[in-house]
> 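Before anything else, here's the structure in question.
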Amino acid sequence: MIDVIMPQMGESIVEGTLTKWLKKPGETIERDEPLFEISTDKVDTEIPSPVAGTLGEILVQEGTTVGINTVVGRINDGAGAAGRRSCCRPASGCEGRCSACGRCGPGCPDSRDRGARRDARGIRRTAVAAGPQDGA
Amino acid sequence: MPDLAIAAAACELRELGSLRYADAFALQQQYVERRKRGEIPDQLLIVEHPHVVTMGRNGHDENLLCAPEMLDRAGIEFHRTDRGGDVTYHGPGQIVGYPIVDLREWKRDVMAYVRALEQVLIDALAEFGIAAGREAGATGVWTGQGKIAAIGVHISRWVTSHGFALNVATDLDYFRYIVPCGLTKPVTSMQALGCQADRDQVVAAVARSFARVFDREMEKSREVENL
């Protein structure tokens with residue numbers, strides 16, 4: 001299971017409102033497919049799924065405001081229960097070490113997974129992401 | 001010596017005239033997809049909408065002061081849309097700007113983006129002698145007589161859509177159908193503030209200001225590309 005977190009969409013942002021889940025639990029989702037929408041002030045943002053799998057559970061309901069890095073749901077990526085993973089990709093530096101695994105996200109300058117930093121395909125680099133072993 | 005100065009990134013300015021909300025929305029989607037694929041530079045689409053009331057994703061129905069059917073009878077379209085913010089009105093006399101910007105090539109910060117859009121309009125209004133600014137907790141551009149521009153944004157993979165609406169010579173009576181942005185504060189326009197600038201002048205000022213704030217080189221392109 002992969003934890004999906006409330007991403008940080010900018011330096012001054014400490015929380016966000018989950019406005020809409022675009023998938024239901026049990027539905028399959030592709031990596032990078034929009035998974036949920038968040039709202040901060042006048043901005044709505046689509047958040048893509050960090051991995052392919054099925055949406056396991058929803059932990060934060062629509063309309064709820066939660067702090068950044070809060071786990072909002074889990075995706076079953078078929079990797080089994082061993083080693084639930086969660087990785088955050090902090091916007092700058094590596095202050096945002098993942099609370100679940102203690103590791104830096106692939107967007108972090110200290111990350112061992114240098115290859116991931118070249119993956120400039122968008123929001124995932126600073127928002128939500130799977131661990132490096134997912135090929136991110 | 002090679003020229004080491006780094007040129008500002010390009011932004012295509014497209015003045016699309018009067019366009020129905022749904023058509024402008026579809027057009028934005030196409031530009032967003034092409035921007036995501038890196039096929040086009042940033043875009044600043046400028047349109048004017050026929051009368052329309054739109055409700056953002058986190059809008060509250062109570063801020064719509066009449067039933068959608070009544071809007072229909074008054075010749076006003078109604079759309080629920082995927083931008084941030086509550087309810088707003090667009091219509092003739094308003095400059096609606098839809099910047100399609102890849103924030104990865106600017107700043108990955110959605111609030112900085114919103115503040116920058118406000119700055120674009122504040123600076124443009126200053127060219128016409130209108131003192132405008134921000135109000136804490138109320139995104140948009142404000143004057144002493146009320147709100148003069150509204151902002152609502154959608155972001156997908158760091159590419160922006162939707163944007164801003166600046167009241168140039170808007171018939172402010174149309175705002176009586178809604179509680180704009182859920183705020184019980186007055187709205188105003190450049191014309192209501194005594195400014196008789198014409199639309200083209202204001203569009204030009206907004207484009208100049210946009211180029212300055214976002215450090216973009218504006219390239220004017222009137223026609224809509226064959227998407």
> Considering only heavy atoms, which portion of A:Thr40 lies under 4.5 Å from any heavy atom of chain B: side chain, backbone, both, or neither?
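When you check distances to chain B, atoms from both the backbone and side chain of A:Thr40 fall under 4.5 Å.
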> Would you mind checking which part of B:Val114 comes under 4.5 Å of any heavy atom in chain A, side chain (CB onward), backbone (N, CA, C, O), both or neither?
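Side chain of B:Val114 only, per the 4.5 Å heavy-atom cut-off to chain A.
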> Going by distance alone, is a donor N or O of one side chain under 3.5 Å from an acceptor N or O of the other, for B:Arg34 and B:Gln43?
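Checked: B:Arg34/B:Gln43 side chains show no N/O donor-acceptor pair below 3.5 Å.
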> So which residue, A:Thr19, A:Thr17, A:Asp41, ends up with the most heavy-atom pairs under 4.5 Å with chain B?
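Most pairs with chain B among the choices: A:Asp41.
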> At a heavy-atom separation under 4.5 Å, does B:Arg115 approach chain A through its side chain, its backbone, both, or neither?
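It is the side chain, since no backbone atom gets that close.
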> With B:Tyr89, which of B:Tyr177, B:Phe78, B:Tyr21, B:Phe175 fulfils ring-ring contact (aromatic ring centres under 6.0 Å, His included)?
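Exactly one option meets the ring-ring contact (aromatic ring centres under 6.0 Å, His included) with B:Tyr89, and it is B:Phe175.
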> Can you tell which part of B:Arg57 gets under 4.5 Å to a heavy atom of chain A, answering side chain, backbone, both or neither?
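Both parts, backbone and side chain.
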> Relative to each other, are the rings of B:Tyr113 and B:Phe214 parallel, tilted or perpendicular (30° and 60° limits)?
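Ring orientation of B:Tyr113 relative to B:Phe214: tilted.
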> Quick one: which of B:Ile130, B:Ile95, B:Thr170 gives a side-chain contact (heavy atoms from CB on, under 4.5 Å) with B:Met190?
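By the side-chain contact (heavy atoms from CB on, under 4.5 Å) criterion, B:Met190 pairs with just one of B:Ile130, B:Ile95, B:Thr170: B:Ile130.
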> Would you tell me whether A:Lys20 and A:Ser39 have side-chain atoms, one donor and one acceptor, within less than 3.5 Å of each other?
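Judged by distance alone, the side chains do not pair up.
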